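See below for the structure under consideration.
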Amino acid sequence: MAYWNHNKGKTFIVAEIGQNHQGSVSTAKRMIHAAKECGADCVKFQRSSLPDKFTASALARPYNGPNSWGSTYGEHKAWLEFSADQYRELQRFASEIGILFTASAMDAAAFRELEQDLCVPFIKIGSGDADNVPLLRYASNRPVPLIISTGMQDWAHVCIMYETFRHRQDVALLHCVSAYPTPLEDTMLRMITLYRTHFPELTIGYSGHELGIQLTVASVALGAKIVERHFTLDKTWKGTDHQASLDPAEFARMVRCIRTIELEDITEESLSDRLRSVLGEKDFNEQHLLAALKKVDLLDRKLLESEKPCYNKLGKSLVYASDLHSGAVISEADIGVKVSDPPGLSPRRYDSIIGKVLIDNVLRDSPVLERHFGTHK
C-alpha cells in the first residue's frame, strides 16, 4: 500500500529538497533534519544518470551565470549529483531520524536504481517526464508506488497518463504548473477538482511552485491528498529553485495550517474566511486567493506561456540510441528519450516513429526529426 493511503484523513506532505543541497551531503543532512522538524512526512531528492537524461551536446553547452556550478551544463549538473553511496548515506540518515526518503527518477536508469538498489517507498516522475511514453509504460508495470506530476502537459495527454495508470491503487497524479515561481493567475487550483472528478481511481495532489503557503493550504481544502513544495534553508543561496522554495519557518506554518483543516469539510462559500482564520494576516491574501481560484475548464490544462522557459530548458525529445544507416527500420531499441540540444520530436510521437524507415544516416544521441523518414512498405 502507498504511504499516502495509510491514513485516509491525513495529507501526505513532501519536502522537495531536489538539488537545493548545493552538492553537499552535510547540507543535505541539515535539510533532511529541518524538514523532519517542520513536520514533513517525506523528503525527496532528484536522481539522474546524466548520460541517460541528457544528450552529449546538451551536457556540453556553455552554462555561465550566477547560478552555475560549472562552465558547461554537464559540469554544473555533475556538481549537484550525489553518488549512489552518498544516496545510501542520506537514506540511512533519514531512516535514523524517522522521515521517509525518496527521489524523482529523472531518467529510466535512475528509476531502476531507485527501485531495485535503494528500494525507496515510492518514486516520483516529474513533469519533465510526464510525456516520456516508454518510461511511463515501464513504470506502470513495476510494483513500486508512484507520484506523477502533470506540469507542461495538455488535458488530452493527462488523460492518456490516467489510462496508463488507472489499474493501480498506488499511483497519484499531481496538478502542477512548471513555472518558478508560478504566476498567481496560472496556478489554476480548481484543476484539482477536475482531476478528482475525471480520474477517480487515482489519488490527486498538488505540487506548488508559487510564492507563499496559502495556495498550497487551499489545495488541501479543495481535495488534494498529497502536497509537495520545494524546500530550502536559505532563499538567498545560489541556485534557480530557492526563490520558489519554502524556508523552514514557512514550511512549518504550512504544515500546521494543513493539519488544522485537512479533516474539515470546507464549502466553497466558507473557504476564504476559513483560510483567513487559519493562515492569519501574515500568510493570507484574498486577492491572490481569488486569482488562483478562477474558473477553469479542461482546455486550460495546456503548456502555459509561463511554463515555456522550463520546457525549453528541460523538455525531452526523441533521440537515437545508436548510429543507424539509411534504410533501417526503427525499432523500440533504436529510440531514447533525453533532453536534447537541439531538440527533436516530442516523446509523445514515440509510437508513430516505431516502424518508420530512415532515409538518412543518423548518429547516436542526435535528435529524431520528421525529415529523417520515408514510408515503410
Side-chain angles (χ1 to χ4, degrees), residues 46-63 70 72-78 81 104-117 123 125-142 148 152-154 156-157 160-161 163-164 303 308 310-377:
Q46 294 176 2
R47 185 60 171 150
S48 299
S49 169
L50 296 183
D52 291 284
K53 180 181 178 182
F54 298 96
T55 63
S57 61
L59 291 173
R61 68 190 180 199
Y63 195 67
T72 66
Y73 197 65
E75 291 176 357
H76 166 78
K77 295 300 289 184
E81 195 64 45
S104 294
M106 310 302 280
D107 50 78
F111 189 103
R112 290 190 292 270
E113 180 189 49
L114 290 169
E115 180 190 13
Q116 299 169 18
D117 297 339
I123 293 175
I125 296 177
S127 296
D129 282 296
D131 60 357
N132 187 338
V133 172
L135 178 61
L136 294 180
R137 288 176 180 166
Y138 175 80
S140 73
N141 291 309
R142 303 303 301 167
I148 310 171
M152 302 185 287
Q153 310 306 314
D154 60 29
H157 185 71
I160 291 172
M161 296 169 66
E163 292 296 335
T164 303
L303 177 64
K308 287 183 178 178
C310 182
Y311 180 81
N312 292 337
K313 181 179 180 182
L314 295 174
K316 291 191 174 180
S317 300
L318 297 177
V319 301
Y320 294 105
S322 60
D323 296 347
L324 296 169
H325 295 292
S326 177
V329 180
I330 297 297
S331 69
E332 292 184 357
D334 296 324
I335 300 296
V337 178
K338 298 184 182 183
V339 178
S340 176
D341 185 15
L345 295 178
S346 166
R348 298 189 199 182
R349 296 287 307 278
Y350 179 78
D351 288 335
S352 70
I353 295 302
I354 305 303
K356 285 198 170 186
V357 179
L358 281 172
I359 59 172
D360 286 320
N361 297 330
V362 295
L363 299 177
R364 181 184 180 276
D365 250 8
S366 61
V368 177
L369 303 174
E370 198 73 65
R371 60 177 173 82
H372 292 162
F373 303 104
T375 303
H376 182 40
K377 297 181 180 179

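All figures in this text were calculated on a predicted structure; none of them were measured in a lab.
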If you round to the nearest 0.5 Å, how far is [atom2] of [Y] from [atom1] of [X]?
| X | Y | atom1 | atom2 | result |
| --- | --- | --- | --- | --- |
| Ser352 | Glu370 | OG | CD | 7.0 Å |
| Met106 | Leu314 | CE | CG | 7.0 Å |
| Leu369 | Leu345 | CG | CG | 6.0 Å |
| Phe373 | Leu358 | CZ | CG | 5.5 Å |
| Asp334 | Leu324 | CG | CG | 4.5 Å |
| Leu303 | Cys310 | CG | SG | 9.5 Å |

Note: [X]-[Y] ion pair, threshold 4.0 Å (strictly below):
| X | Y | answer |
| --- | --- | --- |
| Arg348 | Asp154 | yes |
| Asp52 | Arg112 | no |
| Lys316 | Asp129 | yes |

Considering all heavy atoms of both residues, which atom of [X] and which atom of [Y] are nearest to each other, and what is their separation?
| X | Y | answer |
| --- | --- | --- |
| Ser340 | Thr55 | CA-OG1, 3.6 Å |
| Arg349 | Leu318 | C-CD1, 3.9 Å |
| Asp107 | Ala110 | OD1-N, 2.8 Å |
| Glu115 | Arg142 | OE1-NE, 3.0 Å |
| Ile335 | Ala321 | N-CB, 4.1 Å |
| Met161 | Ile148 | CE-CG2, 3.4 Å |

Look at the rings of Tyr63 and His76 and say which category their plane angle falls in: under 30° parallel, 30 to 60° tilted, over 60° perpendicular. tilted
Can you say whether the rings of His372 and Tyr320 are parallel (under 30°), tilted (30 to 60°) or perpendicular (over 60°)? tilted
Please check if the side chain of Ser317 supplies one atom and the backbone of Gly344 the other of a donor-acceptor pair under 3.5 Å. yes
Check whether any side-chain N or O of Lys53 sits under 3.5 Å from a backbone N or O of Ala109 as a donor-acceptor pair, and report yes or no. no
Do Asp131 and Met152 make a side-chain contact, defined as non-hydrogen atoms from C-beta onward lying under 4.5 Å apart? no
Are the side chains of Glu81 and Ser48 in contact, using a 4.5 Å heavy-atom criterion? yes
